[in-house]
Enquirer: 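Here's a structure for you.
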Amino acid sequence: MAFVPELPEVEHAARALARATSGARIVRATVLHPYVGRNLRKTSLRRLVGRAIARVERRGKHQLAVLDDGAMLHVHFRMTGDWVVSPREEELPRFARFVLGLENGSRIVLADPRALSTVEVLEPGASIATILGPDAVSEQFDAVHLRTALARRRIAIKPALLDQSVVAGIGNIYAAEALWLARG
């Protein structure tokens, strides 16, 4: 991926991940780049093995693969990450950073030329709602929410819109476009 993934690209990636992993058990989880896996302990990787992916959700630009025990694999592509789905025996993509091998013979690879993506395992009951505001395309995000959230800030409007605790999923491109349209 040569561009920054915005919300629609992350939604597409989450749907692709869901199709590739629906109900499949993880047989191997491997971190190939230390920065991408900096939030993953070896115990977290071992915990993934044998778990089935029950469903995949997206909140803003974050993807959550919810496991059958309630834990979640939390993935954020950052600037250049994307999924590559292939049979396990194929050669890894050039910028492979994290790999899930599935019992169905598939391999899910997080490819990221810049190695800025993040992967972590969240314990059952954990939520990313504490760090992310409502999703930009959800019913919870409306003018009242935005007005209230922005009233607490004393910064320029664009950085406020980019603050994921205000609204999850607005990136640089959408913030610039929204401000261009709102100019009057």
Enquirer: How long is the span from the CD1 atom in I128 to the CD atom in E120, to the nearest 0.5 Å?
Expert: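 One gets 9.0 Å once the value is rounded to the nearest 0.5 Å.
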Enquirer: Spell out, yes or no, whether V10 and M72 are grouped together once hydrophobic residues are joined by side-chain heavy atoms under 4.5 Å, including indirect joins.
Expert: no
Enquirer: Spell out, yes or no, whether V75 and L132 are grouped together once hydrophobic residues are joined by side-chain heavy atoms under 4.5 Å, including indirect joins.
Expert: no
Enquirer: Between V31 and L45, is a side-chain contact (heavy atoms from CB on, under 4.5 Å) present by the stated rule, with each step listed?
Expert: CA-CA 9 Å; V31 174; L45 283 175; 3.9 Å; yes
Enquirer: State plainly whether one hydrophobic cluster holds both V85 and V36, where clusters connect Ile, Leu, Val, Met, Phe, Trp and Tyr through side-chain heavy atoms under 4.5 angstrom apart.
Expert: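 Linked within one cluster.
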Enquirer: When you compare the side chain of L73 with that of F98, does any pair of heavy atoms fall below 4.5 Å?
Expert: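 Heavy-atom side-chain distance check passes, below 4.5 Å.
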Enquirer: Is there a donor-acceptor pair closer than 3.5 Å between any side-chain N or O of R114 and the backbone N or O of G81?
Expert: no
Enquirer: Backbone N or O of P134 within a donor-acceptor pair of the S138 side chain at under 3.5 Å?
Expert: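 Side chain of S138 to backbone of P134, a donor-acceptor pair under 3.5 Å: no, none is there.
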Enquirer: Charged N to carboxylate O under 4.0 angstrom, K61 versus E11?
Expert: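 The answer is no: the pair does not qualify as a salt bridge.
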Enquirer: When rounded to the nearest 0.5 angstrom, what is the spacing between CG in L116 and NE2 in H33?
Expert: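 Rounded to the nearest 0.5 Å, the CG-NE2 separation comes out at 9.0 Å.
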Enquirer: Answer whether the closest heavy-atom distance between the side chains of F77 and L110 falls below 4.5 Å.
Expert: yes
Enquirer: I'd like to know whether CZ of R38 has more than 12 heavy-atom contacts from other residues, nucleotides or ligands below 6.0 angstrom.
Expert: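 More than 12 within 6.0 Å, yes.
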Enquirer: Go through V109 and L92 one step at a time and tell me if the side-chain contact (heavy atoms from CB on, under 4.5 Å) criterion holds.
Expert: CA-CA 8 Å; V109 178; L92 284 171; 3.9 Å; yes
Enquirer: Can you check whether S127's main-chain N or O pairs, donor with acceptor, with H74's side chain at less than 3.5 Å?
Expert: no
Enquirer: Could you walk me through whether V99 and I108 pass side-chain contact (heavy atoms from CB on, under 4.5 Å), step by step?
Expert: CA-CA 6 Å; V99 180; I108 312 301; over 6 Å; no
Enquirer: Is the side chain of D68 donor-acceptor paired with the backbone N or O of A52 at a distance under 3.5 Å, no angle test?
Expert: yes
Enquirer: Can you tell me which residue among R88, E89, E90 is in a side-chain contact (heavy atoms from CB on, under 4.5 Å) with S86?
Expert: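 Single side-chain contact (heavy atoms from CB on, under 4.5 Å) partner of S86 among R88, E89, E90: E90.
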Enquirer: Let me see the working for N172 and K158 under side-chain contact (heavy atoms from CB on, under 4.5 Å), right down to the final yes or no.
Expert: CA-CA 8 Å; N172 190 50; K158 187 172 182 189; 2.6 Å; yes
Enquirer: Keeping the roles fixed (side chain from R25, backbone from G50), state whether a donor-acceptor pair exists under 3.5 Å.
Expert: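 Yes, R25 side chain to G50 backbone: donor-acceptor pair under 3.5 Å.
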Enquirer: Say you draw a straight line from CH2 of W83 to CG of D112; how long is it, rounded to the nearest 0.5 Å?
Expert: 10.5 Å
Enquirer: How far apart are the closest heavy atoms of D69 and A71, and which atoms are they?
Expert: OD1-N, 3.0 Å
Enquirer: According to a hydrophobic-cluster definition based on side-chain heavy atoms being under 4.5 Å apart (Ile, Leu, Val, Met, Phe, Trp, Tyr only), do F95 and V84 belong together?
Expert: no
Enquirer: Give the minimum heavy-atom separation between R153 and S165, together with the two atoms involved.
Expert: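 So the minimum-distance heavy-atom pair works out to NH2-OG, 3.3 Å.
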Enquirer: Just to verify, what does H76 make a ring pair (Phe, Tyr, Trp, His ring centres under 6.0 Å) with, not counting sequence neighbours?
Expert: H62
Enquirer: If you define the side chain from C-beta out and look only at heavy atoms, does anything of R47 sit under 4.5 Å from R41?
Expert: no
Enquirer: Under a 3.5 Å distance rule, please check whether D82 uses its side chain to pair with a backbone N or O of A111 as donor and acceptor.
Expert: no
Enquirer: Would the distance check show the side chain of R51 and the main-chain N or O of L48 forming a donor-acceptor pair, the cut-off being under 3.5 Å?
Expert: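 A pair under 3.5 Å: no.
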Enquirer: Locate the shortest heavy-atom distance separating A136 from I170; write the atom from each residue and the value.
Expert: CB-CD1, 3.9 Å
Enquirer: If only atom types and distance count, is the side chain of Q164 paired as donor or acceptor with the main-chain N or O of G169 below 3.5 Å?
Expert: yes
Enquirer: With a 3.5 Å distance limit and no angle check, can you tell me whether T148 reaches the backbone of V144 through a side-chain donor-acceptor pair?
Expert: yes
Enquirer: Are L161 and D163 close enough that some pair of their side-chain heavy atoms sits under 4.5 Å apart?
Expert: no
Enquirer: Do E57 and R55 sit within salt-bridge range, that is, some charged N less than 4.0 Å from a carboxylate O?
Expert: yes
Enquirer: Grab the two heavy atoms, one from H145 and one from F141, that are nearest each other, plus how far apart they are.
Expert: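 What the structure gives for the nearest pair is CD2-CD1, 3.7 Å.
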Enquirer: Testing the basics here: between T43 and R46, what is the closest heavy-atom pair and its distance to 0.1 Å?
Expert: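 Shortest heavy-atom contact: CG2-NH2, 3.2 Å.
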Enquirer: Write down the atom of V56, the atom of A14, and the distance for their closest heavy-atom approach.
Expert: CG1-O, 3.6 Å
Enquirer: Quick one: does E9's side chain get under 4.5 Å of E6's, heavy atoms only?
Expert: yes
Enquirer: Between atom OG1 of T30 and atom CG of L100, what is the distance when rounded to the nearest 0.5 Å?
Expert: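 Result: 8.5 Å between the selected atoms.
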Enquirer: Check for me, please, whether L7 and L64 land in the same ILVMFWY cluster - side-chain distances under 4.5 Å, paths through other members count.
Expert: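 No, no single cluster joins them.
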Enquirer: May I ask you to decide if G60's main-chain N or O and D135's side chain share a donor-acceptor pair within less than 3.5 Å?
Expert: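 Yes, the answer is positive, given that a donor and an acceptor are paired below the 3.5 Å cut-off.
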